[in-house]
Structure formats: structure tokens, C-alpha cells
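Values in this document were obtained by computation on a predicted structure and should not be read as measured data. We use all heavy atoms of the structure for the numbers below, so side chains are in, but hydrogens, waters and symmetry mates are not.
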Amino acid sequence: MKSNESRISEFILLGFTDVRKLQLLFFAILLFAYLLTITGNFVIIILTNLDHRLQTPMYFFLWNFSIVEIGFTTTVTPQTLSHLLTGHKNILYVGCVIQSYMYFHLGTTEFFLLAVMSYDRYLAICNPLRYPSIMHKSLCTLLVSCCWIGSFLIIIGSFVILLQLPMCDSNILDHFFCDYTPLFQLLCGDKRFLELFGFITAALSLLGTLTVSVASYINIVRTVLNIPSATGRKKAFSTCASHFVVVSITYGSCIFLYISPSQAGRVEFGKIVAILNTIVSPLLNPFIYSLRNQQVQEALKDLLRQVVVFIIRSKENLNTQLNF
């Protein structure tokens, strides 16, 4: 082993800033966003599982997508909040590798799910008569399982190779979590194979799923434009508009990350895009789906109404018992 190689037990994450007041400000903002994200996605999971009107393939994929979003943001945000609150920026080597793996595993699962959801919208709009027989419950479950398994198989190879390479003396990561790029920069030895393998992995997961989504929406647009009535076109577009917005945000943020204009600004730019991916996007998704979808709005109103009725009846029963 070369002299500049060593066994590193922990890393130091530089984060956003060393100014204490700014750290506390970021902590308050991120904590609020994280709680809102968890609440919003949990509401979608509850609604789509309890309301009979939402027992369709589209909403089955949606609540699975919400589970992925909760895991995705939880992989990064709690640790970031802890570092901002305490000022301690250390993370164990094992924890760092696990965090980085989970970040990319859940992110890739998200890409696969978005592709499946795009295909689901394509079948629903372009083949409405055959849709119920094609997209049955067993196939939906199989597709979601394939998203998780496929993501694991694609991502695990890069991290197995990464663990075989030694780290250099530096243990400082210029990021707020253990992203793959800063970890890669700290590796010693010949990294060409890992770089090639990572590129192929990214191409399969990002460009492959994006191709499926784009092809699906091209066919959707063609089909919708051929609908004679304006009402029919509006209804067809409304069923996939929310999903299209989410696809644009998710893929757009990742693509912009790889076209950073200069290497000097790549680190700071990467932090901004990572915030968009890990915090802003999971936060917006529940609101995009709920605010633009009348069925979800109605299901939410019914759920809130039931909760209010339950609270009132519980209070009445308690008062009755106290009177006795």
C-alpha cells in the first residue's frame, strides 16, 4: 500500500456553513420541510389504502412511490439535522457507505417506479379497453418488486468495487451527506474501472428509465390530441399531469447535476441539486398529486370528516361516562 493510503474510520462532512446562526436557521427550515414531507407522504399512503375510490393501479404505484420518498429523504435529512443542531460533522466510515448506498438504491428505485407509472398512464389512456385486464393486481405487485430488486442489482456492483479500493489520507467530504462523487474523489489507486462501471450504471438507471417515460408520454400526447372533444382531452391530460410534473422535477434535477458548467462550481452546485433531490422534491410530490387530483382531494376531505366525527363522538362518550 502506498504511503498516502490509510484506513479511515470516519469522515468529516463540511456541510453548508460554519456560521452558527446560519446552521440553526438551516436546521429550522430543514426540520419544517422534513416533517411536512413525512406527513404529506404518509397521508397519501393512508388515503390510497383506506379509500375504495383509490384502489386502482395508479394509486397503488403512488403509495409505493411515497414509501420510497420517505425512505429517500430519511436517509439524508435526520443526519443533516443532527449535524446542524449539534455542530458535530463526523460520520463513521460504515455509516457513510451505508448512507451513500441507500441514497442511490432508493433513488434508482424511484426512477424505476416513475417509468412504471409512465407506462401505466400510457396503457390507461392509449389502451383503455385492455387496461383492466393487463394491469391487474398481480402484475402491479410484480412490477413494484422488480423496481426494488432491479435497483439493488444495478447499484450494489459499484459499491462492492468501491469498498475494494483504499482511501487516501484525507477524510474530509465537501458535502452535507455521503454522496458518491466526494467519496470517489477520496479513493486511491486505479479508479478507471469503477468510473466506467458507474457511468454504465447511471446510463442504465437514469437514461433507460427516462427513455421509457418519454416514449410513454409521446404516445399519450398523440392519443390525447386525437380525442375529438375538448372535455375528453382535458380529462385525459389531467390524469397524467401530476405524474408528468414529478417526472420533470426528478429527472431535471439529476440531469442538471451532470451539466455543471465548471468543475470549480461543481461542488456547490451539487449541494444545491442534492437539496432539491432529497428535500424539495419529496416535499412537493404529495402536494402536486393532492392539489391537482380531485379524487385525492375528495378522499382527504372524507378522511378529515371521519376524524372530526370520531373526535366528537369520543368526547361525547367521555362526557357521558363522567356524568355517571
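Pairs passing the disulfide (SG to SG under 2.5 Å) check and including a residue from residues 35-94, sequence neighbours excluded, do not occur.
Contact check for His83 versus Phe176: no side-chain heavy atoms found under the 4.5 Å cut-off. Inter-residue side-chain proximity for Tyr93 and Met167 is flagged as met; some heavy-atom pair is nearer than 4.5 Å. With contacts defined as side-chain heavy-atom distances shorter than 4.5 Å, the pair Tyr59/Asn49 does not qualify. Contact of the Leu85 side chain with the Leu81 side chain is not registered, since no non-hydrogen atoms from C-beta on lie closer than 4.5 Å. Counting only heavy atoms from C-beta outward, the side chains of Phe60 and Thr48 never approach each other to under 4.5 Å.
Closest approach of Ile279 to Thr73, counting heavy atoms only: CA-OG1, 4.4 Å. Shortest non-hydrogen contact noted between Phe197 and Gly157 is CE2-C, 3.6 Å. Contact between Asp179 and Ser100 at its shortest, heavy atoms only, is C-OG, 4.1 Å. Considering all non-hydrogen atoms of both residues, Thr108 and Ser205 come closest at CG2-CB, 3.6 Å. Residues Pro282 and Phe72 approach most closely at CG-CD2, 4.4 Å, considering heavy atoms. For Tyr180 against Ser158, the heavy-atom pair with the smallest separation is OH-CB, 4.5 Å.
Cation-pi geometry between Lys191 and Phe184 is satisfied (NZ or CZ under 6.0 Å from the ring centre, within 45° of the ring normal).
Atom CZ in Phe159 sits 13.5 Å away from atom CD in Gln164 (nearest 0.5 Å). Remark: Leu163 CG to Leu187 CG distance equals 9.5 Å, nearest 0.5 Å. In this structure, Phe111 CZ and Leu207 CG are separated by 9.5 Å, a value rounded to the nearest 0.5 Å. Here the CD atom belonging to Gln99 is positioned 10.5 Å from the CZ atom belonging to Phe104, to the nearest 0.5 angstrom. The SG atom of Cys126 sits 10.5 Å away from atom CZ of Arg121, with the distance rounded to the nearest 0.5 Å. Taken to the nearest 0.5 Å, the CD1 atom of Ile98 stands 9.5 Å off from the CG atom of Leu92.
Looking at Ser118 and Ser213, their side chains do bring a donor and an acceptor atom within 3.5 Å of each other. Checked by atom type, the side-chain pair Tyr34/Thr74 shows a donor-acceptor distance below 3.5 Å. Side-chain contact of Asn90 with Glu10: a donor-acceptor pair under 3.5 Å is present, judged by distance alone.
By the side chain to side chain donor-acceptor pair (under 3.5 Å) test, Thr109 pairs with Ser151, sequence neighbours left out. For Phe42, the side chain to side chain contact (heavy atoms under 4.5 Å, CB included) criterion is met by Ile38, Ile45, Ile70, not counting sequence neighbours. Every residue two or more places apart in sequence or in another chain that forms a side chain to side chain contact (heavy atoms under 4.5 Å, CB included) with Leu14 is listed here: Ile172, Asp174.
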| task | Using the side-chain contact (heavy atoms from CB on, under 4.5 Å) rule, take Val160 and Ile156 through it: C-alpha gap first, then chi angles, then the decisive distance, then the call. | result | CA-CA 6 Å; Val160 170; Ile156 191 64; 4.1 Å; yes
| Given the rule in the side-chain contact (heavy atoms from CB on, under 4.5 Å) test, do Arg53 and Glu298 qualify, once you have shown the distances and angles that lead to the verdict? | CA-CA 10 Å; Arg53 291 167 296 185; Glu298 292 175 354; 3.7 Å; yes
| task | Determine, step by step, whether Leu173 and Ile12 satisfy the side-chain contact (heavy atoms from CB on, under 4.5 Å) criterion, reporting the C-alpha distance in whole Å, the side-chain angles of both residues, the deciding distance to 0.1 Å, and the verdict. | result | CA-CA 6 Å; Leu173 295 176; Ile12 298 174; over 6 Å; no
| message | I'd like to know whether Phe65 forms a side-chain contact (heavy atoms from CB on, under 4.5 Å) with Leu114, so could you lay out the CA-CA distance, the side-chain angles of the two residues, the decisive distance to 0.1 Å, and finally the verdict. | response | CA-CA 8 Å; Phe65 186 75; Leu114 286 174; 3.7 Å; yes
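A donor-acceptor distance shorter than 3.5 angstrom exists from the side chain of His136 to the backbone of Leu139, with no hydrogens or angles considered. Panel note: side chain Thr141, backbone Lys137; a donor-acceptor pair is recorded below 3.5 Å. With hydrogens and angles ignored, the 3.5 Å screen pairs a side-chain donor or acceptor of Gln55 with a backbone N or O of Asp51.
Follow the hydrophobic side-chain contacts under 4.5 Å out from Leu123 and you reach Phe112 in the same cluster. Cluster annotation: Tyr122 is not connected to Val212 through the hydrophobic network of ILVMFWY side chains, with a link wherever side-chain heavy atoms come within less than 4.5 Å. Connection of Ile218 to Val224 is established within a shared hydrophobic cluster, with ILVMFWY side chains joined at heavy-atom distances below 4.5 Å, either directly or through further cluster members.
Between His175 and Phe177, the ring planes lie perpendicular to each other; the angle is over 60°, past the 30° to 60° tilted range.
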Show which side-chain atoms of residues 128-135 pair as donor or acceptor with protein atoms under 3.5 Å away, not counting sequence neighbours.
unit_1 : atom_1 : unit_2 : atom_2 : d
Tyr131 : OH     : Asp120 : OD1    : 2.5
Ser133 : OG     : Arg130 : O      : 2.8

Please list, one pair per line, the donor and acceptor atoms closer than 3.5 Å that link side chains of residues 21-30 to other protein atoms, with sequence neighbours excluded.
unit_1 : atom_1 : unit_2 : atom_2 : d
Gln23  : OE1    : Arg20  : NH1    : 2.8
Gln23  : NE2    : Thr17  : O      : 2.9

